[in-house]
2 protein chains.
Amino acid sequence: MAAFSIHGDIIWTENPGSFKAVRNGYLIVENGKVKAVSAEKGEGDVIEAEGALVIPGLSDLHLHAPQFAFAGLYMDEELLDWLNHHTFPEEGKYGDLSYAKRAYDALAAELLRGATTRVSVFGTIHTDSTLMLMEILEKAGLSGYVGKVCMDRNSPDYLVETTEDSLMETERFLSLSERFEEIRPIITPRFIPSCSDSLMRSLGTMAAERHLPLQSHLDENLSEVDWVRELCPWSQSYAAAYREFGMLGPRTIMAHCVWPDDSEIKLLAESGAFVAHSPSSNTNLSSGIAPVRKFLDNGVHVGLATDVAGGSSLSMLRMIQDAIGVSKLRWRFEESLSRPLRFAEAFYLASKGGGSFFGRVGSFEPGYDADIVLLRDRSAETVISQDLSIEERLEYNVYRHPEDTVMAKFVKGRRIF
Amino acid sequence: MAAFSIHGDIIWTENPGSFKAVRNGYLIVENGKVKAVSAEKGEGDVIEAEGALVIPGLSDLHLHAPQFAFAGLYMDEELLDWLNHHTFPEEGKYGDLSYAKRAYDALAAELLRGATTRVSVFGTIHTDSTLMLMEILEKAGLSGYVGKVCMDRNSPDYLVETTEDSLMETERFLSLSERFEEIRPIITPRFIPSCSDSLMRSLGTMAAERHLPLQSHLDENLSEVDWVRELCPWSQSYAAAYREFGMLGPRTIMAHCVWPDDSEIKLLAESGAFVAHSPSSNTNLSSGIAPVRKFLDNGVHVGLATDVAGGSSLSMLRMIQDAIGVSKLRWRFEESLSRPLRFAEAFYLASKGGGSFFGRVGSFEPGYDADIVLLRDRSAETVISQDLSIEERLEYNVYRHPEDTVMAKFVKGRRIF
């Protein structure tokens, strides 16, 4: 793969505290990896990033592909009603491959236009349309994980499997997904209410034995947390139940984590699991505000996620904005116990924070995968534009133009948009 | 003025509880007023609203014109720091008319592209640039109020007046603004910390004697509330101080009202004052979440506001989204004491709720001013579009495309965009 450099104003975060920025510099890429950020060009062509800011590709740690069809709708309902009235009926349609193709093509097209380069995606229980989803995302050039969803209880007739079928179909899914390179399979029990203990134990074992990643939901909503307490009376907590099923580890993503108690935060930290913080979704579904500051203070890995269609936007820039916003509101309601996320921290979560789930992703440190976004910089439209630093220009675009702002996008050094 | 009808899918709210919607109907306009919504066309031309939803013009009850220059920036700071570090220095520039013209032209252009037809705007202490702002907004075709800001204490040297100058300049402002028809003057003490008791009493008297509207800020931030307690030890509350100054009445807008106590809510209700609820700004500046449900339950008039540049967006559709979002989070933190705003309620606040400050504005009831927006309807892009009601299509656009979505806009029957 040819080497090249991108020339322009470059900004990234290596830790949550502060930005690194180089004005008029060169981001040097070789063999799909970042070689350096330098004042001089490297080997090969130079791509001019005029009118853009050069930022790392962002990672969306949690979204539901079949829910994109109704993103932005039905937002007057809470989680469990919203699942029963809208989400499950829509997901039921994805046994129909031609319907799924239309819906998944639309999702991939919109993902491509945004700043996201890595994803961890829920499909549905339907193996064949989930494989098609993998193919569509792989062809679009994105990288990450897709899971065939497992559900064998407390689900409507049209969206439920027997335990045996769920495991067999997961096997078939794993086997048929071997042909994909950039979009890889992930074990995906929907959440404890939808999955019997027996199914959970088998999926946990499968993930461990085959070294596969795993994704699910944890502590999103108070009614859900109560329900899990009834379903798993043998477990000290919702998180402890996942641990008991062998499902908490460094290759695990747990979406939401709005209502963990201290023992659960400890479990998350010790296991190395990633929290997919979904601020828009947690607002839209009246779930609450996740204690992100506490996660960070306790060493829990955190990334950001759109959680479409609990979230109505696929924009990770919007998620940065919303993560900061809800952290400020939590701060106010907690009487200043947990200081809010600063812009550099939220940007870190969207880039290197979540990117770390996928490897060396989300930063411009040497050896990192060359996931690069040329973000359209509209800050010149303000009358004070001449006074702005690169960091301020980035903030401007995140707050004012979070949608449709990508001029070019690279995954592992390959241009995909 | 010629009569005309707009033909298409029409939706509005007459009360906070529910939408009215007519598919494939005619909104009949005569002499700048709504005559009816009907299945048949009225007198005059028919304007086809294909690809659009026909909604009432929205009212932005509170924004700071000179702050538009830095909208989307400096969002890591709380109110009082943010005022001192960024807001006051920027406002200090508006003695320079050529700078002000560039900044205000940009504001008017963006307001014109959005769904807003009515505004209540803060300028700066500078009379001449504030008059220029009125001219620019009037030429753009918008309707509403603009105030020359009064500040005679606790303000930086470059942005402060003597009490006498503040009153004299307000007189000059009122006199020179007589030439404008659609953009009218409003008495504008910044807030109690910036205005001496003497200035406040004089401004209160001026507003009462000349039957002028008045706008200011109330209970935005806890530090500000504490400060006002020190500044007005003679007053039972922040709101009571405004009442004492003769400033609370049905032609008053009080921005924010995040932290009112019950006695203040009672004062607001009894006076008939309007609360400009600014959910984005109150989030960005870590102010908190206003008790909007409590306002509505107690009969306080409420409208929505962008509060640019505490808010970073001029989109009133985004304010609808954010008003719903923060009400859900408040509900969660208050242990279900105050149920969240539903979509139809938040839309009402943005249209008829705030519009009522300007007269019969913000609804399609007969006799209402013909403030009409043809909102681009992008719901056809979803795979489930054929199943959507008009209300759902509106919700889709509010959540998914809150920016740049206006195809045409009318104020009092005049097309301005």
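Protein chains get the first letters and strands the later ones, always in sequence-line order, with residue 1 at the start of each.
Annotation: maximal heavy-atom pairing with chain A below 4.5 Å, among B:L222, B:N397, B:T382, B:N284, occurs at B:N284. Most heavy-atom pairs under 4.5 Å with chain A, from the set B:L341, B:V383, B:D387: that is B:V383.
Interatomic distance, A:E334 CD to B:F333 CZ, rounded to the nearest 0.5 Å: 6.0 Å. The line from CD of B:Q321 to OG of A:S312 is 5.0 Å long, rounded to the nearest 0.5 Å. In this structure, CZ on B:R339 lies 13.0 Å from OG on A:S286, to the nearest 0.5 angstrom.
A:E403 places no side-chain N or O within 3.5 Å of a backbone atom of B:H401 that could act as its donor or acceptor partner. B:D76 contributes no side-chain N or O that, together with a main-chain N or O of A:R342, makes up a donor-acceptor pair within less than 3.5 Å.
Looking at A:S287, only its backbone comes within 4.5 Å of chain B, counting heavy atoms on both sides. In this structure, chain B has a heavy atom under 4.5 Å from the side chain of A:F68, while its backbone stays farther away. Residue A:A106 does not touch chain B at all, counting heavy-atom pairs closer than 4.5 Å.
Ionic pairing of A:R400 and B:E110 is present here: one or more N-O contacts between side-chain nitrogen and carboxylate oxygen are shorter than 4.0 angstrom.
A heavy-atom distance below 4.5 Å is found between the side chains of A:I384 and B:L73. For the pair A:M75 and B:Y399, the minimum side-chain heavy-atom distance is below 4.5 Å.
Among residues 80-101 of chain B, the residues having any heavy atom closer than 4.5 Å to a heavy atom of chain A are, in sequence order, B:E90, B:K93, B:Y99.
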